[in-house]
Amino acid sequence: MSRQEATDQYTKALKLGQKNYRERVLRGSYPYPQVLDEILDEAMVAGRVEMGIIEIPTEQIIGTKTAGRRSAFASNFMPLLDLDSEFACKWIELCAAHLGDEGIRDPIRCFEYLGRFYVQEGNKRVSVLKSYSAPTIPGYVIRVIPAWSDAPAVRAYYDFMDSYRLTGLYRVYFSRPGRFAKLQAALGFEPDHVWTADERQHFVAGFTYFREAFRKQGGEELDITAADALLVWLRVYSFEELWTLSATELGKTVAAVWPDVKLLSAPAPISVSTETEEQKQEDTPAPKLFGRLLHAVFPDHLNIAFVNEYSPAASNWVRAHDLGRQYLEAVMGNKVSVRVYNDVHPGETAEAAMEQAVEEGAQMIFATTPPLIGACRKLAAQYPGVRVLNCSASMPYAGVRTYYSRIYEGKFLTGAIAGAMSRDGQIGYVASNPIFGVPASINAFALGARLTNPRARIKLRWFCVEGDAMSRLAADGADVISNRDIPAPDRSKETWGLCQLCPDGTMQPLASPYWHWGNFYVKLVRSIFSGSWDGLSSGNGEQAVNYWWGMSSRTVDVWLSEELPDGVAQLVQILRRGVMDGSIDPFRRPIRSQDGQVRNDGEKWFSPEEILHMDWLCDCVDGEIPSYDQLLPIARPLVRLQGVYRDQIPPEKEGPML
């Protein structure tokens, strides 16, 4: 009986092999198993390690060690030779043994390279067991260690070797380095936790369940692993929730985060919007007319919720956004209905507040601080029809749009003022946190100062580390100091922004950039009424959207003191007009960084991504970007989310996971 069953199994496997062969030929792909000897050069090898006998994940067996017999198999290891061949006869005998009392017990011998296995002995055993969808195959493995390089695959593999020491699993394989540490945190483990046998078994069971949902969603067509996708899923759900979901329910949760999963393999996962839709339509009038013609199909009223981590009275940042909310209501009138949720702390409180907002009819939610991103992600996955925005930068989530401003443009203008007003060119600068956009602001300020004072030196201090930055700068001889920016122009009489140190020790405000969030909110809401919101992300949802507007959109501006000399004020207005119309770019000039590297020869235009992700300082800046360990505890959560070196910070078990 087992002989007939084995013959039937070969017939089924042969059909699968022939189908796989035809499909790959039609796609122009190699139709046979890969041959390690043909893709590996000894110059690519750093060493070999005997791993002993391990359980090899069947799906990771992709090829053979040598070229012999490769034409007998399709790339999926299913047979290609006819039923009456000697090969088929041996395959059927082996299959019959597998179906008998003994089963296939002898381990195969293979080589592992970059997480994939190449069979040296036991090709037919692999074929038989793959035909039965066996999850693992015992094998004696020799690991081939690649020579170190900066190639993402090699870096990811070295990261895997570290993780294998802790997990003992080949299934936990990521396409990019650093992701295993995030998995440890998501599972509630310490970074160096060694998995027990029970923990391995528990994870494998859940991971196998998730991987099937990943495949059904089309994951095998993406250039990522199932472990990569699981990590995205774990940003919204917990691993233990796997055990409470039916296959259908799990499939729905995977579908909910699928846009973010696809972003992992996108060459440019984030689309940075630097212009308002009004600015774009000035250059292309046809879309504007088209929008008017179709206006009837777009909403004419929106229910909007503002979710604030603190109250406006307790936070100047939130107060600035609340002034923007008030401006939105005043300008838009009865076209919007707005609710405000204050003192909403990250975690369950934020999730509950956003759920309440949706229950109360919110169609659009603005979360005004980066730590609320975790709750935003969960809400966006559960309610894809709700427009969710978080005030942050460079967040790779298709379901949540982020918004910030090009405050560096205002810093360039205040730098020019500082250079003109400083007696000896010793200028102080107090930076907030080492997050996206802050090094660009420091550099733009420094370049502005050099524009009006070629001998200017910028003494950099940080608000987020120990010590009184302002006092230290005054003691160091700085006569003009750039403090933190004013949150809104109605706070201009305080010592925000650029100040001059007077002989009596008092600080005289001179100028400051500020955010006009009201203009941002009005323009963004109008984009929904005009229909341009839906077309921003290339129409396919394959990019996360980051609004990064500047002075040309009136989202950023500069307050000037009446005490500023007329000539300096006139110069600032000239520079301001140039920045707004694009004729002046703060960074399009010769620039060297502190390490002597030429960052711009004067002809280059920096892309928005290059400016936003600057992690270097100009050579006229005296100071450095503080490390994570140097930060005050209160600054660390924000830097984890938005820090210029956030990918190098070890993950924590608590808080949002990027």
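Side chains included, hydrogens not; waters and symmetry mates left out as well; all remaining heavy atoms used. Since the model is a prediction, treat every value here as computed from it, not as a measurement.
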Chemist: Charged N to carboxylate O under 4.0 angstrom, R457 versus D622?
Modeler: yes
Chemist: Run the ring-centre check on F160 versus F180 and record whether the distance is less than 6.0 Å.
Modeler: no
Chemist: Check whether the side chains of T402 and N546 place a donor and an acceptor atom closer than 3.5 Å, and report yes or no.
Modeler: yes
Chemist: For the residue pair H321 / Y521, report whether a side-chain donor-acceptor contact shorter than 3.5 Å exists.
Modeler: yes
Chemist: Should the pair R455-D424 be classified as a salt bridge under the 4.0 Å nitrogen-to-oxygen rule?
Modeler: no
Chemist: Testing the 3.5 Å rule here: is there a donor-acceptor pair between the side chains of T167 and R171?
Modeler: no
Chemist: Count the heavy atoms belonging to other residues, nucleotides or ligands that lie under 6.0 Å from CZ of R200, then report whether that count exceeds 12.
Modeler: yes
Chemist: Check step by step if ring pair (Phe, Tyr, Trp, His ring centres under 6.0 Å) holds for F587 and Y408.
Modeler: CA-CA 10 Å; F587 295 112; Y408 76 85; 5.3 Å; yes
Chemist: With rounding to the nearest 0.5 Å, note down the distance linking CD1 in I591 to CG in D601.
Modeler: 10.0 Å
Chemist: Apply salt bridge (Lys or Arg N to Asp or Glu O under 4.0 Å) to K604 and E610, showing your working.
Modeler: CA-CA 11 Å; K604 178 181 178 181; E610 288 177 304; 3.0 Å; yes
Chemist: Between T368 and N308, is there a side-chain donor-acceptor contact under 3.5 Å, judged purely by atom types and distance?
Modeler: yes
Chemist: Assess whether a salt bridge exists between D150 and R155, defined as any Lys/Arg side-chain N lying under 4.0 Å from an Asp/Glu carboxylate O.
Modeler: no
Chemist: Taking atom types as modelled and ignoring hydrogens, do the side chains of R636 and Y628 form a donor-acceptor contact shorter than 3.5 angstrom?
Modeler: no
Chemist: Under 6.0 Å between the ring centres of W517 and Y403?
Modeler: yes
Chemist: Can a salt bridge be assigned to the pair R377 and D260 using a cut-off of 4.0 Å between side-chain N and carboxylate O?
Modeler: yes
Chemist: In Å, rounded to the nearest 0.5 Å, how long is the span from OG of S392 to OH of Y397?
Modeler: 9.0 Å
Chemist: For a 4.5 angstrom cut-off between non-hydrogen side-chain atoms, does T369 reach C391?
Modeler: no
Chemist: What residue among E241, E355, E348, E351 forms salt bridge (Lys or Arg N to Asp or Glu O under 4.0 Å) with K378?
Modeler: E351
Chemist: Contact between P439 and P434 at the side-chain level, heavy atoms closer than 4.5 Å - yes or no?
Modeler: no
Chemist: In the structure I gave you, are the side-chain heavy atoms of Y237 and V257 within less than 4.5 Å of one another anywhere?
Modeler: yes
Chemist: Drop me the distance from Y645's OH to I649's CD1, to the nearest 0.5 angstrom.
Modeler: 6.0 Å
Chemist: Name the one of L498, T414, V568, L560 that satisfies side-chain contact (heavy atoms from CB on, under 4.5 Å) with L510?
Modeler: L498
Chemist: Return yes if some donor-acceptor pair links the side-chain N/O of S553 with the main-chain N/O of G550 below 3.5 Å, else return no.
Modeler: yes
Chemist: Within this structure, what is the CZ-CG distance for the pair F606 and N443, rounded to the nearest 0.5 Å?
Modeler: 8.5 Å
Chemist: Hey, does the Lys NZ or Arg CZ of R484 hover above the aromatic six-ring of F463, less than 6.0 Å from the centre and inside 45° of the axis?
Modeler: yes
Chemist: Any chance the rings of W317 and W515 have centres within less than 6.0 Å?
Modeler: yes
Chemist: State the NZ-CD1 distance between K459 and I427, to the nearest 0.5 angstrom.
Modeler: 10.5 Å
Chemist: For W616 and R599: C-alpha separation, side-chain torsions, deciding distance, then whether side chain to side chain contact (heavy atoms under 4.5 Å, CB included) applies.
Modeler: CA-CA 10 Å; W616 51 269; R599 299 288 179 166; 3.4 Å; yes
Chemist: Any side-chain heavy atom of Y327 sitting closer than 4.5 Å to one from N519?
Modeler: yes
Chemist: Taking atom CG of D223 as the centre, report whether more than 12 heavy atoms of other residues, nucleotides or ligands fall under 6.0 Å from it.
Modeler: no
Chemist: Flag the pair D228 / R176 as yes when at least one side-chain heavy-atom distance between them is below 4.5 Å, and no otherwise.
Modeler: no
Chemist: Thinking salt bridges, do E409 and R576 make one under a 4.0 Å N-O criterion?
Modeler: no
Chemist: Are side-chain N/O atoms of D629 and S627 paired as donor and acceptor at under 3.5 Å?
Modeler: no
Chemist: Should R325 and D322 count as an ion pair when the cut-off is N to O under 4.0 Å?
Modeler: yes
